[in-house]
Amino acid sequence: MALDRPEFRPDPALSRDAMETLQRDIADAATFADDLPFDPDTVAVDGPVEADASGTERLGASSDAPVIVGVDQAFLDDRAVSAIVAIQDGAVIERAHAVTPLEIPYIPGLLAFREGGPILAAFETLSVEPDLAVFDGSGRIHFRQAGIATHVGVALDLPSIGVAKKLLCGEPAEPVDDRPAGWSTPIEADGTVEAPDSTVIGYAYQSRQWDRDQSINPLYVSPGHRVSAATTRDLVDALCAGYKLPEPTRLADRNADDTKAALG
DNA sequence: GCGACAG
DNA sequence: ATCTTGTCGC
């Protein structure tokens with residue numbers, strides 16, 4: 001897949017100031033409103049997309065339904081294993097991965113400079129054209145409104161959303177503990193975010209919950225590029241098939257783990 | 001100075 | 001993210 005805007009590539013050699021400046025440029029170039037090539041209301045994943053269940057996997061896009069890709073990574077020593085899994089109509093249509101040397105350590109707020117390059121390398125090996133990418137991490141929920149989902153989404157001019165398991169910054173409008181499945185509340189910009197206070201930068205979304213006793217933490221979802229916060233939440237809701245994480249993410253997660261295991 | 005901090 | 005056994009519950 002083509003890299004449409006190389007000037008936005010997350011170069012790990014940049015100084016910290018240059019990284020932060022680039023993130024502000026990325027946020028300016030990002031669209032936090034719906035501009036999708038498909039109707040989000042038609043997206044639905046009935047049940048878990050099986051690994052390699054006979055008959056469910058076919059190669060290549062074969063309908064007008066949106067192609068949605070999940071992106072995730074695993075790590076092995078100083079190498080990143082970036083994995084992408086594409087689904088369409090509830091079936092896997094392509095898997096891709098790239099093994100790349102890691103240049104810099106993880107720094108909160110600068111994740112895209114560690115993992116963005118490896119992810120772009122994996123995208124370059126993908127033959128199908130995605131309509132939406134689901135990232136493991138934040139999008140607009142970020143100090144400079146340019147989390148990894150936004151950064152890669154803008155660099156590829158691809159609609160994207162971020163799904164994080166922990167909140168990086170911002171403030172939930174209501175307490176998030178012990179909420180029922182389907183519940184959500186806005187994540188608003190606070191003093192740690194470069195946006196007007198109370199700007200809705202994402203949602204805490206309870207994708208799954210136990211009936212009693214133990215409790216599951218919500219997901220923190222946010223727009224990456226070309227999608228609004230509310231639609232991001234609705235898309236994640238539609239993509240979760242009975243598990244805490246959306247199906248594209250679970251598939252990419254397994255692809256990354258399998259690839260890592262095969263490397264030894 | 002102190003605390004907080006995606007993967 | 002990663003290192004890892006047992007264990008609780010449907």
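If you're wondering where the values come from, they're calculated on a predicted model, not measured in any experiment. To find a chain, count down the sequence lines: A is the first, B the second, and so on, and within it residues start at 1.
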> Between A/T231, A/D34, A/D35, which is the residue that forms a side-chain hydrogen bond (donor to acceptor under 3.5 Å, both in side chains) with A/R226?
Replying inline: A/D35
>> Less than 4.5 Å apart, side chain to side chain, heavy atoms only: is that true for A/F113 and A/R16?
In response: no
> Less than 4.5 Å apart, any side-chain heavy atom of A/Q206 and any of A/Q209?
Replying inline: yes
>> Show the nearest heavy-atom pair for residues A/P130 and A/L158, with the distance to one decimal.
In response: O-CD1, 3.3 Å
> Without hydrogens or angle criteria, can the side chains of A/N255 and A/H97 be said to hold a donor-acceptor pair below 3.5 Å?
Replying inline: no
>> For a quick check, with a 4.0 angstrom heavy-atom cut-off, what is the B/S/- contact string for nucleotides 5-10 of chain C, read 5' to 3'?
In response: ------
> Looking at side-chain heavy atoms only, is the closest gap between A/R114 and A/F75 below 4.5 Å?
Replying inline: yes
>> Has A/T150 got a side-chain atom pairing as donor or acceptor with A/H225's backbone, closer than 3.5 angstrom?
In response: no
>> Protein within reach of the bases, or only the backbone? For nucleotides 1-7 of chain B, mark each nucleotide 5' to 3' as B, S or -, using heavy atoms under 4.0 Å.
In response: ----BBB
> Whole Å only: how far is the CG atom of A/L102 from the P atom of C/dT2?
Replying inline: 11 Å
>> Which helical stems does DNA chain C take part in, if a stem means at least 3 consecutive Watson-Crick or G-U pairs with both distances below 3.5 Å?
In response: none
> A/T232 versus A/Y203: any side-chain heavy-atom pair under 4.5 Å?
Replying inline: no
>> Which residue in the set A/V67, A/D64, A/I68 passes side-chain contact (heavy atoms from CB on, under 4.5 Å) when paired with A/Q88?
In response: A/V67
> Are A/D72 and A/R250 close enough, and set up right, to give a salt bridge (Lys or Arg N to Asp or Glu O under 4.0 Å), and what steps lead you there?
Replying inline: CA-CA 9 Å; A/D72 192 29; A/R250 295 183 62 240; over 6 Å; no
